[in-house]
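Here the structure comes first, spelled out in structure tokens, and everything after it is commentary.
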Amino acid sequence: MSAVALALVLSSAVMHAGWNLLAKGGRGGVGFFWAALVASVLIYLPAFIVLLILNPIPPVGWAWIAATGALHTAYFWTL
């Protein structure tokens, strides 16, 4: 594994652990998760729209997106 790949994996692990620490340790409850999700949508929506125009998603892709959304909903709910 290259040094860049290792650095990306380690920084991803640290960010994920930090997110879990904020999510579990915070007293924001459901409001914290809604705020995080809204912020994520606002940050990623422009790039998603551009990529969607350049690379349309087939119907089976939308099914996978819906399944991922359901799994993330369960994940946030259990946190």
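These numbers come from the heavy atoms of this one structure, side chains and all, not from hydrogens, waters or symmetry mates.
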So, do Trp64 and Ile57 sit near enough that their side-chain heavy atoms are less than 4.5 Å apart? no
Same apolar cluster (I L V M F W Y, side chains within < 4.5 Å links), Ile65/Ile53: yes
Roughly how far, to the nearest 0.5 Å, is CD1 of Ile49 from CG of Leu54? 12.0 Å
Return the set of residues passing side chain to side chain contact (heavy atoms under 4.5 Å, CB included) with Ala5 (not counting sequence neighbours), or none when no residue passes. Met1, Ser2
Let me have the donor-acceptor pairs involving side chains of residues 11-23, under 3.5 Å, with sequence neighbours excluded, atom names and distances please.
{"unit_1": "Ser11", "atom_1": "OG", "unit_2": "Ala7", "atom_2": "O", "d": "3.0"}
{"unit_1": "Ser11", "atom_1": "OG", "unit_2": "Leu8", "atom_2": "O", "d": "3.1"}
{"unit_1": "His16", "atom_1": "NE2", "unit_2": "Asn20", "atom_2": "ND2", "d": "3.3"}
{"unit_1": "Asn20", "atom_1": "OD1", "unit_2": "Tyr75", "atom_2": "OH", "d": "2.9"}

So if you build clusters from Ile, Leu, Val, Met, Phe, Trp, Tyr with side-chain heavy-atom gaps below 4.5 Å, do Trp62 and Tyr44 land together? no
